[in-house]
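These numbers come from a predicted model, not from an experiment. Order of the sequence lines fixes the chain letters, A, B, ..., with proteins taken first and strands second; residue numbering starts at 1 for each chain.
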There are 2 protein chains.
Amino acid sequence: MSITVKDLARMTGLSKGTVDRVLHNRGEVSRKSYEKVMKAVKESGYEPNIYASLLAKGSKGTIVVLMPRSISGEFWELGEPGFARGAEAAGNFGLEVRKLEYDQYDIEAFRAACDEALAMNPAGIILPPMFKNETFGFAGKLQEKGIPFIFIDSKIECGGYFAYYGMPAYQSGYLCASLLTDDQNVKAVGMVRILRDKHGQSDPTVNRREGFLDYLSEHFPDCKQATAFIDPSHPQGIDAALDAFFAENPDISHIAMFNSRIHLIAPWLEKHPQRRFRVVGFDNLSANVAALKRGTVTALITQHPDEQLASAINSFVNLLVFGREPEVRDNFMHMDILTRYNAD
Amino acid sequence: MSITVKDLARMTGLSKGTVDRVLHNRGEVSRKSYEKVMKAVKESGYEPNIYASLLAKGSKGTIVVLMPRSISGEFWELGEPGFARGAEAAGNFGLEVRKLEYDQYDIEAFRAACDEALAMNPAGIILPPMFKNETFGFAGKLQEKGIPFIFIDSKIECGGYFAYYGMPAYQSGYLCASLLTDDQNVKAVGMVRILRDKHGQSDPTVNRREGFLDYLSEHFPDCKQATAFIDPSHPQGIDAALDAFFAENPDISHIAMFNSRIHLIAPWLEKHPQRRFRVVGFDNLSANVAALKRGTVTALITQHPDEQLASAINSFVNLLVFGREPEVRDNFMHMDILTRYNAD
DNA sequence: AATATTTCCGTGCCCGTGCACGGAAATCAA
DNA sequence: TTGATTTCCGTGCACGGGCACGGAAATATT
């Protein structure tokens with residue numbers, strides 16, 4: 001049926017061993033033999049039998065996933081099931097998947113994790129570019145070493161990344177505004193943002209806000225916009241901040257947040273049931289879903305970091321085991337809309 | 001590292017061949033030897049190496065997918081990509097996946113397809129129970145022969161099905177009503193149904209309507225309900241039917257359909273732009289998505305038959321290749337909400 | 001020319017499982 | 001006891017690829 005190394009050997013008049021050396025670029029082969037084998041490979045359409053290969057070789061290598069520590073109730077926890085699924089699937093094909101976690105606010109921890117990843121001599125690396133400059137430098141090193149890498153969540157413009165799996169951030173902001181207003185005329189919307197001291201907001205958040213604001217100015221140019229800032233590192237201050245904000249803006253009836261922390265404002269909203277808000281946020285953190293089910297949050301837009309991870313791992317399986325390159329580099333995952341009735 | 005047949009042989013004092021006979025229930029083994037081997041298997045936690053197995057055996061069998069012919073622009077076409085994904089994944093593990101299509105309105109064709117499927121002596125069968133009674137009988141035969149089968153789309157209550165992958169139909173109807181009304185007070189909603197001559201409506205459609213009506217009566221008990229019937233086999237009559245319906249019910253501003261044919265009423269709606277409707281339907285058929293993007297349809301609820309199929313096939317891979325039984329029999333897929341801004 | 005060195009290549013075993021074949025041991029028939 | 005069956009079991013090859021080892025051929029060195 002299918003063509004084997006032995007067939008190639010027969011076709012070229014060489015031996016199994018020599019063909020094997022050519023196939024793996026292991027040298028010790030004359031130019032003439034090399035070309036003969038390559039020709040035969042092309043003409044015959046030879047494809048190695050992965051089972052035989054896996055049986056003989058054992059492991060195909062290690063994939064390193066470099067991501068922020070998955071803290072209970074925070075965004076990156078959502079990636080966990082995707083990591084598990086991907087690791088299992090990859091394991092079935094002799095690929096080990098290792099996770100390297102770091103503190104997402106500690107740039108030194110990120111650097112250290114990058115070094116550690118390199119030290120493992122991985123067959124591939126998956127990472128969200130949490131720190132732009134550092135990621136840029138790291139990408140350069142990876143390219144030098146010829147290690148393919150995949151961005152998830154967001155990407156930085158640098159050559160040589162193997163693939164990207166993320167969400168169309170701008171578009172999701174646009175969608176957010178559309179859901180929030182539901183095409184009804186809206187007088188004033190409130191946006192709640194996180195006060196960050198050290199590092200700026202993440203890229204996706206910025207792009208979402210852009211999309212959101214564009215939708216508003218396109219559909220409701222007269223709509224008033226106001227922004228509140230809260231500081232999650234001082235939870236007890238949140239209520240006060242919101243008190244002040246909503247007192248100042250009594251006309252606000254619609255609220256959006258562009259990160260995954262919409263649950264932070266749920267307590268305040270539930271303490272003021274007389275003011276009815278329409279509220280849209282992002283990501284199906286369990287606290288968010290709970291607020292959704294209680295009716296405090298109207299809708300959530302989800303980006304499925306788990307699927308991003310699983311797809312990224314799968315993409316490496318295709319490359320490293322089957323030798324298949326992906327057709328498209330930039331993959332945008334579905335945005336799902338969650339309401340209290342399809343939150344499962 | 002891991003334990004092999006040779007190890008089992010050494011542990012039991014028997015030979016590789018005998019152990020193999022036990023592992024595959026191939027007989028020709030004394031009771032005593034049989035038990036010795038089984039004990040060793042349990043104690044050692046032996047797991048066969050699938051690569052070696054696949055290499056030696058070639059194919060693991062055939063999975064038959066028994067489904068309505070995927071006609072362009074109709075519901076079952078949506079399953080196609082899932083079939084392709086599943087077949088590829090299964091192929092990677094030496095499982096062949098074959099599709100057997102039939103005319104979904106021809107009960108004889110369904111029977112014939114069932115017979116043909118049986119004749120192929122498949123390792124597993126995947127099917128939506130399009131005809132209740134026939135499926136029931138077919139399920140009986142499959143049980144006799146010990147062939148595992150998986151229901152997709154909907155299920156019938158019969159013992160012995162291996163798994164079910166579908167959508168929570170009732171819940172999706174509930175969601176549909178919630179999206180349609182958007183918690184605004186609604187005076188009158190219109191439902192459009194398909195006129196069926198031979199066979200009744202499909203189960204999911206009925207359940208969706210139930211969920212829909214329950215939501216309405218719970219939230220808007222005074223809301224008027226009216227139903228229009230159209231006949232897709234006479235497309236030219238649809239407009240007239242809708243003309244009559246909407247003339248009779250001038251107060252209707254909200255429309256729902258519970259099957260995947262919402263696109264059938266899009267032309268009428270677009271011919272009467274002066275009447276603004278809120279419209280919710282099901283399934284991302286390309287015609288539906290087009291109507292969504294044009295703004296004629298407000299939202300679509302999607303049930304992803306492709307994911308159902310892919311999951312079902314995957315479930316068989318786990319069973320037939322890895323020997324892993326699924327934890328849950330009844331799997332309900334996500335319902336996604338599509339608006340013009342996340343239709344991609 | 002004889003030896004040393006490099007370049008190149010073939011042989012053969014291994015991975016773990018599936019299975020055909022043949023034969024030893026046990027049971028039965030005469 | 002002998003021969004004919006049946007029951008049970010071990011040996012050995014095949015699957016396709018990876019790779020170590022050793023050796024032949026080609027080239028360099030003296």
Under 4.0 Å from OP1 or OP2 of [N]: is there any side-chain N or O of [X] that close?
X	N	value
A:T4	D:dG16	no
A:S15	C:dG10	yes
A:H24	D:dG18	yes
A:S33	C:dC8	no
B:S30	D:dC8	no
A:Y46	D:dG17	yes

Which nucleotide in [options] has an atom nearest any side-chain atom of [X]:
X	options	result
A:T18	D:dC15, C:dG10, D:dG17	C:dG10
B:P48	C:dT17, D:dC9, D:dG18	C:dT17
B:A52	D:dC9, D:dC13, C:dG16	C:dG16
B:A56	C:dG18, D:dT11, D:dG18	C:dG18

[X] and [Y]: side chain donor to acceptor below 3.5 Å:
X	Y	answer
A:D330	A:Y161	yes
B:S70	B:K99	no
A:H334	B:D336	no

Integer-rounded Å distance: [N] [atom2] and [X] [atom1]:
X	N	atom1	atom2	value
B:E35	D:dC8	CD	C1'	16 Å
A:L54	C:dT17	CG	P	14 Å
A:K16	D:dC19	NZ	P	12 Å
B:L14	C:dA24	CG	P	18 Å
B:E28	D:dT11	CD	C1'	15 Å
B:L23	C:dT17	CG	C1'	10 Å
A:K57	C:dC14	NZ	C1'	15 Å
B:N49	D:dG16	CG	C1'	14 Å

Parallel under 30°, tilted from 30 to 60°, perpendicular over 60°: which one fits the rings of B:F110 and B:Y102? perpendicular
I want to confirm an ordering. Mapping A:Y51 and A:G17 to their closest nucleotides on DNA chain D, which one lands closer to the 5' end? A:Y51
Of A:I126, A:L309, A:D153, A:L127, the one forming a side-chain contact (heavy atoms from CB on, under 4.5 Å) with A:M67 is A:L309
Could you check whether the side chain of B:R21 and the base of C:dG18 have a donor-acceptor pair of N or O atoms closer than 3.5 Å, going by distance alone? no
Is A:Y34 touching bases, backbone alone, or none of the nucleic acid, heavy atoms closer than 4.0 Å? nothing
So, do A:F93 and A:F322 have ring centers that fall under 6.0 Å from each other? yes
